[in-house]
Amino acid sequence: MTEVMTTTVALPLSLDDKISKNTVQEKVIDIDNLPSPSFDRSVDDLTLEEKLDILSGVNFTHTNGVPRLGVPPLKVVDTITGVKGSEHFHTPTLCFPSATCMGATWNVDLLSQIGTKLALQAKSKSAQVLLGPVLNLHRDPRGGRNFESFSEDPLLAGELAASMVNAIQAGGVATCPKHFVGNESETKRRFHNVAESLDGRTMREVYLAAWQVMLRKSKPAAIMTAYNKVDGLFCSENPKLIKDVLRGEWAYDGALMSDWYGTRSGVPALNAGLDLEMPGPTIHRSSAILEKIKSGELNISVLNQRAARVLELVKQTKESYSEEEETSLVDEDANLLARRVATEGIVLLQNRKSVLPLRKTQRLAVIGSQATNPSISGGGSAAAPPQYLQRPIDNIRALSADPKNVQTANGVKVHNVIPLIPVPQIFARDGSNGINVRYFNNGSDQPVIDEIHPAPAAVMFGRIRDGLKPEAFHYEISTTVIPKTTGLHAIGARTTGSCVVKVNSKEVAQKTMVGIEVEDFLFRPKNLEVLAQVQMTAGVPYFVDLIVQPHKPSFATGEPIIHSAMLCYMEEYSDNDAIAEAVAIAKEADVTLIFAGRTPEHESEGFDAQDMSLPASQVKMIKAVAAASRRSVLVLSCGNPIDVQDFVEDVDAVLNAHFLGQEGGSALAEILYGEASPSGKLAVSWPKTLKDSPSYSYYPATENDRGSWEMTCGEGVGMGYRHDWTPRTLQWPFGFGLSYTNFEISSLQVSRSIASVVPEDVEIIIEANVSNTGSVDGSEVVQVYIEDVASSVSRPQKELKGFKKIGVAAGKSEKVSITLKDRYAFSFWDESTKMWKCEAGQFKIHVGDLTEIVVVDQDFFWSGL
Ligand code: BGC
């Protein structure tokens, strides 16, 4: 039995245990003294205060509940790639591959299996609500959170999400798909306005469509609103979005919660329909709301409705309520499933000279740090602590006939920020490994606190240390560094406040920090960086001193203010030497595997990337190593498409390896050695260059003269593959992926049911044969695209309307049948009637290279899901 519930937030760099004594003081729930849990209370049982109380969080992961009646708090945690806990952030979890990899499987059944296992993982963390999946789309290759999303296509994203939601909820755990809606960019995510009408075709046919598809096929118990505005109003208080579309047209009756610190008002958000403000303690649902009820500004019925929804969520999640300690559930079947998801999601993009699959007797050179230290996820709330980490190099060696035939070199460094200074190289004044930290009130040279930290960081989260005067203090970190090598080393810090760095009492760097936000600390360490290059000698002690001022956040959302300083350091190293070492190994091998790509430092919640290129050092390494290799295979870790123009002709094979979760090493080895044939298909188009992306000119938000951040969706419904691509602009298309065998799709037949008297319910049955004409077993994704031959509005040339993944043994054929409905297959959003419209006429149905034509006899309109 847990004694008390407290919370910590997920801090980067595993520092949360070091700062616990400085963390924000939160309300503590004493579970021991709660009455026995009661799940079936009605609003009428609650006092006015309790009705208000239940509408917000108590801390980062729990809602308030109603202690007097035993209505338990809800525990809500991230996410669908790994279920994080709260009490012990370090309690590991099974880590599945990133959502982009799940998307590339195109396998609805697999997503259901993942959901079943996630429910068990969530229960092992005593969580009732799982915050996911993400329904936002891959709009632009710079999107920081694209790795968390399934696809650029609303049908694929919506179908996969529905399958997962149904399975998680069948396991007794509620889901909370996020972020409703338009959160396709992280730049100024708390502020930007997506200037698109909710009654416009772009919103309806693209961004809302993913939600519509999901809600047609599943009933998530909760939905999380997005941070951004749509059409000028924050999503958490947007009546058009919540009342008209979600609750009205789609008749959704689950609970709505805000993204963390995404509730921006009291009465407007309550009136618009936002049930839960997260996290807690509340900012907008204080007793002031009760005054508004008394004054008649807020109708009590609104509070009743919101409270009823939260009580309903508590009731629905009765099965997963638990007071047990969080544990790490080891589930061998789930590990095998995670491996299967990874093998099914890896996309073979190029395979010249049939370099893949490898033969077990080949001598291999394995280059790149991702082979020994893989990125299993992007960064931010989706990153969870794995139960174990497979190193691809080990799994490759295990499948090789002779492990000695597999040589490795680390290649160039792939960091984006300078790492923290290694603890064994720093010494506090008493000689122990660590730093001295002294906190001063301004005007006094007597420290209020003088202490030693074993890690090179000092963080105050939410409250300043006792004895310090708010905004009139500073703090100082000092330590002695002993370099291992001689050279021009990078030394500096990451600080939230303005600072000065001194080495041997001489100032080497300083920075004025303005407008630092909590999100910079959580997600954008680059913004906190201050660096100098200092010539240092191996074995010689250097005294480092860092003086940091407090800071004021640029805006107040009510979230805890963070004061933080960390020492960073990297000894000089040479890309050229690293590349030369890699080249030497490559020359001796039959095949070189080059691991390159991104890490959570490059793709993360909290920021968008600036471009879609690899760092120049990686490009240089790929080219040099490929040139020295007999055969080469490029393994790309990434959640987003990468501009491969500089090197795609230099390498023989290319694998899109996403971020592969804790079983990624085995999965990669299986694909490389042909134990599984690749069957992943891109769930997002890969432009040749960033400029070729249809969203290029409209993304991300920019600041206008009124100081607000605006983003349009200028490419309209022509997002992703719906754009008019040409071979000059498109590197690899949506839906593309090679395998080790060949498939032929034949005998396409399309028939229509005439059973329905309602024209829009007419069904279209699409049948085809899929033959595996190669020599190994494999799986193919049958994709059905619709083309409107003549339309009164301009429509994309093709739209995905159905798909099925099917396994076919070598030399065999399987029949595939996919059923669509006229209404979903042929309609577009008609802005004048604010309804979906299907125009009479011809529609082409494309499956592979085959096409059939269907004729719709009469126009019809429809609305709803
Ligand atoms: C993210 C959400 C996440 C929440 C809780 C927010 O910053 O946008 O996706 O569920 O934090 O961690």
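Atoms within a ligand are numbered from 1 in the order they appear, just like the ligands themselves.
Between E519 and K188 there is no salt bridge, since no side-chain N of the basic residue sits under 4.0 Å from a carboxylate O of the acidic one. With respect to the salt-bridge test (charged N to carboxylate O, under 4.0 angstrom), the residues D253 and K219 qualify. Look at E312 and R309 and you find no salt bridge, because none of the NZ, NE, NH1 or NH2 atoms lies under 4.0 Å from a carboxylate O.
Nearest protein heavy-atom neighbour of atom 7 (O) of ligand 1: E605 OE2, 2.7 Å. The single protein non-hydrogen atom nearest to atom 4 (C) of ligand 1 is D259 OD1, 3.6 Å, given as residue, atom name and distance.
For ligand 1, the polar-atom distance check against Y227 finds a nitrogen or oxygen pair separated by under 3.5 Å. Note: an N/O pair closer than 3.5 Å links H179 and ligand 1 by distance alone.
Atoms of ligand 1 found under 4.0 Å from any heavy atom of L131 (numbered from 1 in listed order, with element): 10 (O). Near M224, the atoms of ligand 1 lying under 4.0 angstrom from a non-hydrogen atom of the residue are 10 (O).
No side-chain donor from either of R139 and S149 sits under 3.5 Å from a side-chain acceptor of the other. Between the side chains of H179 and R145, a donor-acceptor pair is found at a separation under 3.5 Å.
In this structure the side chain of Y699 reaches within 4.5 angstrom of the side chain of S185, judged on heavy atoms.
The aromatic rings of F60 and Y261 lie tilted to each other, with the angle between the two planes from 30° to 60°.
With a heavy-atom cut-off of 4.0 Å, R145 touches ligand 1 through its side chain alone. At a 4.0 Å heavy-atom cut-off, ligand 1 touches R189 through the side chain alone.
Look at M278 and you'll find every heavy atom at least 4.0 Å from all atoms of ligand 1.
Residue D78 holds the heavy atom nearest to atom 3 (C) of ligand 1 of all those in D78, N136, N183, L522.
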